[in-house]
Amino acid sequence: MLFFRVINLVTLRRMFPQLAVIRGQQLIGNYALVFYYMENMIEVGLKNLIAIQRGFVYTLHCPLLCHLDTIDWAAISGLENGTKSQNSFETPKGVCNKSEVCRSCEPKYCIKCHPQCLGGCTGTSATDCNVCRGWKEGKRCVEQCSAERMLYRHTKRCITMATCLERGGLLYMNECVLECPAGYSTTNVEQEEADFADHKCYPCRHRCPKVCDGTEIMYLSDADRMRGCTIVNGTLHIRLKEDHPNLVDELRNGLGDIEEIMGILKVFRSTFIPSLEFLANLQIIHGIDVNENAKFSFMVYENSNLQRLWNFEQKPTLRLDNGGMYFSNNKLLCNAQIQLLRRITEYNNASDTIDWSSNGYMQACHVQPFHARADVLSSRNVSIYWVRTHNIKTHHRLLGYLINCIRTEVNRTPYEDRELCSKYGWKSRLIPLENITIEGSFYVYNLTRLKPFTRYGCYVQTYYNESINSATDMVGLSDMVYFRTAKDRPLSPLRVHTARKNESSITLSWQILASEQSMVTLYHVDVFIQPDEPEKFDRRNYCTHPHQNRNAPSEPRLGGGEGEGSCSKDTCCCDTWEYEQELEEEEDEDDEVTAPDDFFNEQQSAEDGGRIGGRRRKKRSVKAGGLDSFELSMLKLLKETDTHHDQYARRTRRDADEDIEFVNRIFYRTFTTDNYEYTVPGLKPYTRYVFQLFACSENDTVYCSSYSLYTERTNPSPYVDRLNVSTEMEVLETVEPVSTSALPTNESSTNSSTSTPVSHVTSMYGDRIVLYFPEPTEVNGLTVTYRVEVEVINGTHLKRRTDCFTRLEHERNQYRYTVRDVTPGEYLVRAQATSLAGPGPFSEWLLIRVIDALPKVGTGTGGGTGVRDGLIALIVLLLFGGGGGLGIFFYRRRQRSSSKWDDKIPLAVNDGNMINLDDGFVNCPLK
């Protein structure tokens, strides 16, 4: 895909939203995806791109293109060997904003796809693939086409013969091709053998050459243009400066049919070519351009990784019609290879120019073998033994030995994978004689800083002074030694995230470093509940500040920052490869032949650099030669203290004391898994849990990693947050009593001072309605508010009243809600609880009828109680009235009798006017 000077194109997100695979059958140079002079482009935006099967990515003159460094292009390109990624990215000149799409790894789909699927699927069968990894036959992805179908490489389809002929194709074996390959033709055949109406490719009668012009091979696209060419009409220059997976096979597909070169063949400055076997069919080099100034028709020079020319058992001859050979500065090409080539080639060697001393000087060409063995000490330490006497006849002074090691699962020879730029290539360590330990008849050296549970192949080579020439002088070389280091505590699981979840379970998913996947056999998980604190949520009034939508972004999770909580179909930022690259860089620090004191040093173990879902701390190496005895003793003391008394590090590992009490731990399990997933069952709905995940190499806490910490909430359940609402007769002393004489006849009476909740009341008397509903026993996290709806029904007129109050207010009201100032009529009442997950379901409607007047006295127990109380009150009033009347009567009578004589008052002494006692004025005293 090439994007060149497309104005105002900002992103490809809407243009190619479903693009998942770029096949790369036609390249531009070595690149399958090119952005050139895209001045307005901000991001790539190919959110579903998970594979580039061939080629790399190139950007230039794109000043605003951001976030290319966040994409794991190595995972997309499928670089599984040690080749270096050849992506070419330009640093953006503007300020990059927040990345919205980070396409860096294959999405983790919930469905386990068929092995022939690539780019996701909708089911588990081969017909549910979004993109096929190999071939597609009808609707089915297959590894190979069936017998009645033909391969069509241009579209990666299996088609019928009729379809091939309709498209103008030709039949070649079991393939449909647009043109016959080299050595085949549809016309240059014997007429007795061919049926031209079949459109088949038949072997040529004599020769059917395909002539192409001379060219320079610098990229794979140059080699693709030479596909099928048998004669190069000119000069062929091969100057490959960039690596590519399966480079020799790619060159063989493009250049493998060449038989003749009319000009000269020049292979120079090709860093990554290990051999010339991709020119297996080359027979003649005519050398028509050879003259006095250019007298060579076959030139090979300055190829740093060229180790062999051809397999001379399969290539019997080569002919140079004009000119000679030139070999120089091929440091890994032994002179024996050049001599074999000269022996099978028909040419005049008088004009040869071969610099024997500059070829193979870094390769052990003349070898004197000796024995070596390995003794595994631990997960990171191995002792290499080799014999002291070699009987090598040389006049050079022995300075030391080179120990060369490589990580490999198959047997290797010292001549394979000599690419110095490869991270999986050979690592060399120079050991001076004074640093080697002698044990009997063996030299011994301890290799450190190795990777746990990894298979290594090593050999020892003698190292002489600078005047040695490995191409011509005898060199001591041991036999290959293979060993596997012991198991160790692995690194913590990486990128722990939620694969699936519901209201009662959470499925965790994680990743393990590729270098440790074979070592990790067990996992252990501790699950802690993190209850929600009511005091924290009571500070907020959720009635005035309503709850947010539960689909809104959730709270940050431990163990993953923004944008990296999970690996979904839309966003996935996998840093596993980058993290392993960082570990490689840490281990490869100071891995120079010129710095022997810091090479293969013991790398920090997990117990010294324990991490919690993060990266290990990096310690600087300290040379012992620069420390005195006091400093050495202090460093030893600090190391012992850190190892034995670091309580924080002990808490992050499983080898903690058994008497430690785990707070809020509800679940723990040791398990095995093949797909890096585990489901934790039996959880509460919408509750937050904390997970501590350990990776173990053995069923022993000593071999378990530090934990990776992750937190997640379960999904809310629609079957909780349900309220049990009932009406209540309220006769509390602190509250004004409510008339309760209209209860149903089946309700029992009470004389206590407490209230009695009832489930159904059809009629009530008074001016208020009291509802009782406690907090729900099953809730999505925590209840925060309640909502009550009251509807007034008056014929066809309907009024609704809604009230919201917090959990704390309801608790202070003793879980009662009072509807005041109600008028006679019919009311519908229901309630709803709101939890952290949002509003729950409403309760069922309660129909309440409020009546104005008191009912007549009935025969029920309540009516008899009212009559009795009335009669008692009447009798008490009559008794008090009669007693009071009798008291007043006797008191007045006594007053009359006592005032008969004492009230006579004389007006004057010897007055002539005498008072008549019977005149009626006796009881009228004068004042």
Side-chain angles (χ1 to χ4, degrees), residues 489-512 520-537 554-560 565-566 606-607 610-614 645-673 676-717 720 777-783 835-837:
R489 177 182 290 120
L491 293 178
S492 304
L494 301 176
R495 298 198 55 79
V496 181
H497 61 276
T498 302
R500 297 173 297 277
K501 67 177 182 177
N502 53 32
E503 63 271 12
S504 61
S505 66
I506 294 177
T507 300
L508 300 177
S509 181
W510 61 91
Q511 296 177 6
I512 298 295
V520 176
T521 58
L522 294 172
Y523 299 92
H524 180 86
V525 63
D526 290 323
V527 183
F528 300 84
I529 188 172
Q530 190 173 358
D532 298 304
E533 301 177 3
E535 296 80 6
K536 175 182 176 182
F537 292 93
S554 58
E555 63 274 0
R557 303 169 183 168
L558 294 176
S566 64
E607 59 189 39
R611 67 185 184 93
I612 308 177
H645 303 287
D646 188 356
Q647 297 298 329
Y648 173 76
R650 296 179 68 189
R651 288 196 303 271
T652 62
R653 303 194 304 266
R654 287 200 60 210
D655 55 346
D657 295 335
E658 295 182 357
D659 56 354
I660 293 180
E661 181 180 357
F662 293 96
V663 180
N664 292 338
R665 189 176 75 167
I666 63 169
F667 181 86
Y668 65 94
R669 184 67 52 86
T670 300
F671 61 94
T672 60
T673 179
Y676 306 107
E677 288 186 359
Y678 182 72
T679 301
V680 180
L683 305 180
K684 296 181 179 180
Y686 206 69
T687 303
R688 180 157 34 193
Y689 293 91
V690 178
F691 304 91
Q692 292 181 358
L693 184 63
F694 303 83
C696 305
S697 57
E698 294 286 350
N699 192 13
D700 191 345
T701 56
V702 177
Y703 292 94
C704 289
S705 68
S706 57
Y707 61 74
S708 291
L709 194 65
Y710 181 70
T711 179
E712 177 64 290
R713 277 189 186 271
T714 51
N715 286 343
S717 174
V720 299
T777 56
E778 296 182 354
V779 62
N780 285 317
L782 180 69
T783 303
S835 63
L836 294 177

Next item on the list: Work out which heavy atom in Pro534 is nearest to a heavy atom in Leu782; give both atom names and the distance.
Entry: CA-CD2, 3.7 Å
Item checked: Under the salt bridge (charged side-chain N to carboxylate O under 4.0 Å, His left out) test, residues paired with Arg669 that sit two or more places apart -> none
Check: Can a donor-acceptor pair be found between the side chains of Thr783 and Ser835 at a distance below 3.5 Å?
Finding: no
Notebook entry, point to check: Hey, are the side chains of Ile512 and Pro493 touching, using non-hydrogen atoms and a 4.5 Å cut-off?
Noted result: yes
Checklist line | Spacing of CG belonging to Leu693 relative to CG belonging to Leu494, to within rounding of 0.5 Å | finding: 10.5 Å
Checklist line | Residues forming a ring pair (Phe, Tyr, Trp, His ring centres under 6.0 Å) with Phe528, sequence neighbours excluded | finding: none
Check: Would you call the rings of Tyr676 and Tyr523 parallel, tilted or perpendicular if under 30° counts as parallel and over 60° as perpendicular?
Finding: perpendicular
Margin query: Working to the nearest 0.5 angstrom, can you tell me the gap between Arg495 CZ and Ser708 OG?
Written below: 11.5 Å
Note to self: With a 4.5 Å cut-off on side-chain heavy atoms, are Ile529 and Asn664 touching?
What the structure shows: yes
Checklist line | Verdict with reasoning, Tyr668 to Val527, per side-chain contact (heavy atoms from CB on, under 4.5 Å) | finding: CA-CA 6 Å; Tyr668 65 94; Val527 183; over 6 Å; no
Checklist line | More than 12 heavy atoms from other groups under 6.0 Å of OH on Tyr703 | finding: no
Check: Do you know the tightest heavy-atom contact between Ala837 and Asn780?
Finding: CB-CB, 3.7 Å
Next item on the list: Would you check if Leu709 and Val690 make a side-chain contact, meaning some heavy-atom pair closer than 4.5 Å?
Entry: yes
Notebook entry, point to check: Considering all heavy atoms of both residues, which atom of Pro490 and which atom of Ser705 are nearest to each other, and what is their separation?
Noted result: O-CB, 2.9 Å
Check: Phe694 versus Asp526: any side-chain heavy-atom pair under 4.5 Å?
Finding: yes
Next item on the list: Identify the two heavy atoms, one from Thr521 and one from Ser697, that lie closest to each other, and give their separation to 0.1 Å.
Entry: OG1-O, 3.2 Å
Checklist line | Within 45° cone and under 6.0 Å: Arg713 NZ/CZ vs Tyr686 ring | finding: yes
Margin query: Between Arg500 and Glu677, is the salt bridge (Lys or Arg N to Asp or Glu O under 4.0 Å) condition met? List the steps.
Written below: CA-CA 10 Å; Arg500 297 173 297 277; Glu677 288 186 359; 3.0 Å; yes
Margin query: Suppose we screen for salt bridge (charged side-chain N to carboxylate O under 4.0 Å, His left out). Which residues come up paired with Glu698, at least two apart in sequence or across chains?
Written below: Lys487
Notebook entry, point to check: Is a side-chain donor or acceptor of Thr714 paired with a backbone partner of Lys684 at a separation under 3.5 angstrom?
Noted result: yes
Notebook entry, point to check: Could you give the distance from OG1 (Thr507) to NE2 (His497), rounded to the nearest 0.5 Å?
Noted result: 10.5 Å
Notebook entry, point to check: Which pair of heavy atoms, one from Leu683 and one from Ile666, lies closest together, and at what distance?
Noted result: CD2-CD1, 4.2 Å
Notebook entry, point to check: With the threshold set at 4.0 Å, does a side-chain nitrogen-carboxylate oxygen contact exist between Glu712 and Arg688?
Noted result: no
Check: Taking the six-membered ring for Trp, are Phe671 and Tyr678 parallel (under 30°), tilted (30 to 60°) or perpendicular (over 60°)?
Finding: parallel
Item checked: Validation row: Gln530, Thr711 side chains within 4.5 angstrom (heavy atoms) -> yes
Checklist line | Under 3.5 Å donor-acceptor, Ser706 side chain and Ser492 backbone | finding: no
Checklist line | Minimum heavy-atom distance Ser505-Pro681, with the two atoms named | finding: CB-CA, 4.1 Å
Checklist line | Pairwise distance OG1(Thr701) to CZ(Arg489) - rounded to 0.5 angstrom | finding: 8.0 Å
Notebook entry, point to check: With distance as the sole test, does Tyr689 use its side chain to make a donor-acceptor pair with the main-chain N or O of Ile506 at under 3.5 Å?
Noted result: no
Margin query: For Thr687, is there any backbone N or O sitting under 3.5 Å from a side-chain donor or acceptor partner on Asp532?
Written below: no
